[in-house]
Each structure stands twice: as structure tokens, then as C-alpha cells.
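Atom set for the values below is all heavy atoms of this structure, side chains included, hydrogens, waters and symmetry mates excluded. All of these numbers come straight from a predicted model, not from anything done at the bench.
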Amino acid sequence: MDHGLFGPGSVTWRVMGEPILLVGGFRALLMQGLHPRAMRGVAQNSALMDPAEAWSRFTRTTEFVRVRTYGTSAEVARAGARVRKIHSKLTALDPDTGERFRLDDPDALRWVHVGEVDSYLSVARRAGVPLTDAEADRFVAEWRRAAEVVGLRPEDVPGSVAEMRDYIGACRPGLYFAPEVPHPLRQSLNAPLPPRLLPFKPVLPALTLLAFATLPRWARRLYGLPATPVGDLWATVTLKTLHAGIGLVPAPVRYAPDARRARRLNAAA
């Protein structure tokens with residue numbers, strides 16, 4: 001049977017279905033926001049404050065992550081081709097250099113990839129999802145396959161936790177929050193949601209604040225936010241508490257259909 005990029009026995013299938021990874025998804029967006037070209041590419045090609053456009057972009061991104069994680073090889077290939085085609089056609093202006101660049105700029109794509117992998121792994125481990133150091137390295141290595149989907153070569157992205165840490169450290173001098181881009185925390189206070197989701201609007205600032213708190217201290221400072229060990233401790237305790245509370249919900253309700261199927265296949269592997 002075709003299980004796509006990962007499949008039974010993969011660390012990815014064991015980790016990605018956990019609901020607490022929603023915080024990791026928000027953290028990944030915040031990591032992306034510190035790469036000026038990556039963020040300007042999005043900001044100059046998306047009506048971020050338009051409720052209809054913002055929500056449709058979010059749903060497209062969510063569906064892409066779902067297909068990439070659980071889809072068949074053919075489904076993943078189609079989703080990747082769509083993303084690569086869109087990125088190859090869009091450009092943005094770098095006001096620092098006056099250069100116009102394409103959205104499939106490899107440096108930006110690599111940062112987005114690593115920010116996503118680092119975010120999922122960091123949130124999972126701090127929340128208490130059981131992962132040994134060897135399994136964490138396997139998770140990073142497995143996601144090299146995901147990098148290929150967006151147009152990167154697997155060997156050009158980190159393949160272990162140590163390589164990922166070194167890459168992020170090397171990128172830090174060039175990272176900053178582009179001043180012309182709306183601040184995510186302010187945006188969360190007036191999130192552009194469709195009418196049917198307006199009851200969830202009060203939750204978004206708290207979720208965004210938690211995602212911010214899970215960032216490294218240097219990243220929080222780049223966003224102009226406080227960064228102390230107390231904030232680190234609060235984030236870890238909150239993640240563990242939420243994950244434990246969600247764990248009390250019966251599995252048929254707790255997990256999405258794809259995650260339930262992955263758990264069944266993992267158990268049979």
C-alpha cells in the first residue's frame with residue numbers, strides 16, 4: 001500500500017497527529033516571520049488583512065500539511081507541483097537591496113522548512129510527547145523528504161537535531177522582523193475569521209501568545225517581546241498541562257481521521 005512520504009513506523013506519523021502540534025504550526029509561522037525575504041514574499045503577494053484571503057490561505061496551508069503528512073505519493077506529488085508552480089511565478093521586492101526575488105528562493109524555502117521542523121519537534125518534546133534523542137534525529141531526517149516536495153534537495157537541509165541547531169545559529173545574524181509587516185500578536189487581537197468561526201476569536205490571542213512563548217529567547221526579542229527564563233518555564237508548563245488535558249479526551253474524538261488511521265497502521269506495524 002502507498003503511504004506517501006512517511007508511513008507506518010515513522011516518527012512523523014507518531015508525532016504529527018497530536019493536537020498540541022497546533023501550537024507548533026503557529027510557532028512555525030512565527031519562525032518564518034523572522035526571515036525578511038520569506039515574510040516579504042508572503043506579505044507582498046497576499047492580502048493578509050482581507051478576511052476572505054487570509055482564511056483561504058490558512059486552509060490551503062493546513063490542507064497541504066495534511067496531504068504531505070498522510071497523503072499517497074500521487075497526492076503529495078500533485079500538492080507539491082501546485083506549490084512549486086505558484087512560488088515560481090510570484091516575486092517580491094527586497095527594500096534592503098532593491099532586488100526583486102522569486103518566492104522559490106532556496107534560502108527562504110530552507111528557513112521555512114527548518115522553522116517548521118524545529119517548531120513541531122520543540123513543541124512536541126516540551127509538551128511531553130515521548131521522543132528519545134535518536135527519535136528526534138529520525139524526525140528531522142524524515143522531513144528531508146518533505147523539503148523535496150517544495151523544491152529543495154534533501155541533502156541541502158539539516159538531517160539531525162544538531163545540524164538543525166547549527167543551521168539556525170548560522171542564520172541568526174541575518175534574521176529580523178520586517179518593520180512594514182503587521183505584528184502577529186496585534187493581528188491575533190483582531191483576527192480575520194469567517195463568520196462561522198467567530199466564536200473561537202477570543203482563543204487566538206492566547207494561542208498566539210503561547211506560540212510566541214515557545215520561541216527561543218533571541219527570537220522573542222527580535223519581535224520586541226520580553227524573553228526570560230520565567231517565560232520559558234510558563235510555556236513548557238502550559239504545553240504539558242494542555243497536552244495532558246487533551247489526553248483525557250477519548251482517542252476517537254481527540255484525533256483527526258488521518259491521525260486515527262496512522263495510529264492504527266502504526267500499531268499494526
Side-chain angles (χ1 to χ4, degrees), residues 11-12 14-35 39 65 111-140 143 158 160-177 181-191 200-249 254-255 259:
V11 181
T12 296
R14 182 155 62 83
V15 170
M16 287 297 292
E18 294 296 337
I20 196 67
L21 266 292
L22 176 63
V23 180
F26 273 74
R27 184 188 187 273
L29 293 174
L30 297 176
M31 289 288 282
Q32 174 183 337
L34 292 176
H35 190 289
M39 199 59 201
V65 172
W111 174 257
V112 172
H113 168 82
V114 172
E116 187 177 10
V117 178
D118 179 66
S119 293
Y120 289 141
L121 187 58
S122 176
V123 167
R125 300 193 88 177
R126 291 173 71 177
V129 177
L131 281 170
T132 65
D133 289 344
E135 288 171 334
D137 281 336
R138 276 179 54 201
F139 182 83
V140 178
W143 273 67
S160 69
V161 173
E163 289 180 10
M164 187 166 64
R165 188 182 303 119
D166 289 345
Y167 167 80
I168 292 173
C171 287
R172 279 183 57 181
L175 301 176
Y176 63 90
F177 179 61
V181 177
H183 198 287
L185 192 54
R186 286 199 300 271
Q187 279 189 293
S188 72
L189 297 173
N190 190 27
F200 296 98
K201 192 169 183 176
V203 177
L204 280 180
L207 182 59
T208 305
L209 187 62
L210 177 57
F212 266 115
T214 65
L215 290 171
R217 285 179 224 165
W218 60 264
R220 281 177 270 164
R221 293 189 187 104
L222 290 180
Y223 274 108
L225 297 174
T228 67
V230 174
D232 297 339
L233 178 61
W234 176 81
T236 299
V237 170
T238 303
L239 287 172
K240 285 185 181 296
T241 302
L242 284 174
H243 182 56
I246 293 169
L248 299 176
V249 178
R254 181 163 81 246
Y255 294 108

Any donor-acceptor N/O pair, [X] side chain to [Y] backbone, under 3.5 Å:
| X | Y | answer |
| --- | --- | --- |
| Arg254 | Pro19 | no |
| Arg126 | Leu239 | no |
| Arg217 | Asp232 | no |
| Thr214 | Ala211 | yes |

Distance-minimising heavy-atom pair for [X] and [Y]:
| X | Y | answer |
| --- | --- | --- |
| Gly17 | Ala259 | CA-CB, 3.7 Å |
| Ser160 | Val140 | N-CG1, 3.5 Å |
| Asp137 | Ala162 | OD1-N, 4.5 Å |
| Gly24 | Ser119 | O-CB, 3.3 Å |

Against Phe26, only a single residue in Leu21, Thr208, Leu209 fulfils side chain to side chain contact (heavy atoms under 4.5 Å, CB included); can you say which?
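So the option named by the test is Thr208.
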
Which residues pass the side chain to side chain contact (heavy atoms under 4.5 Å, CB included) test with Trp218, not counting sequence neighbours?
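Here the qualifying residues are Leu34, Trp111, Ile168, Arg172, Leu175, Pro216, Leu222.
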
Out of curiosity, [X] [atom1] to [Y] [atom2], how far, rounded to the nearest 0.5 Å?
| X | Y | atom1 | atom2 | answer |
| --- | --- | --- | --- | --- |
| Arg220 | Leu30 | CZ | CG | 11.5 Å |
| Leu131 | Arg14 | CG | CZ | 5.5 Å |
| Arg221 | Leu215 | CZ | CG | 12.0 Å |
| Phe139 | Arg125 | CZ | CZ | 11.0 Å |
| Met31 | Glu116 | CE | CD | 11.5 Å |

Check whether any side-chain heavy atom of [X] sits under 4.5 Å from a side-chain heavy atom of [Y], and report yes or no.
| X | Y | value |
| --- | --- | --- |
| Pro184 | Tyr223 | yes |
| Ile20 | Val123 | yes |
| Val65 | Met16 | yes |

Salt-bridge criterion met for Asp118 and Arg27 (N-O under 4.0 Å)
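A salt bridge links Asp118 with Arg27.
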
Fit a plane to each ring of His183 and Phe177, take the angle between them on a 0 to 90° scale, and name the class: parallel (under 30°), tilted (30 to 60°) or perpendicular (over 60°).
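Aromatic pair His183/Phe177 classed perpendicular.
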
Could you go through the side chain to side chain contact (heavy atoms under 4.5 Å, CB included) check for Val129 and His243 one step at a time?
CA-CA 8 Å; Val129 177; His243 182 56; 3.8 Å; yes

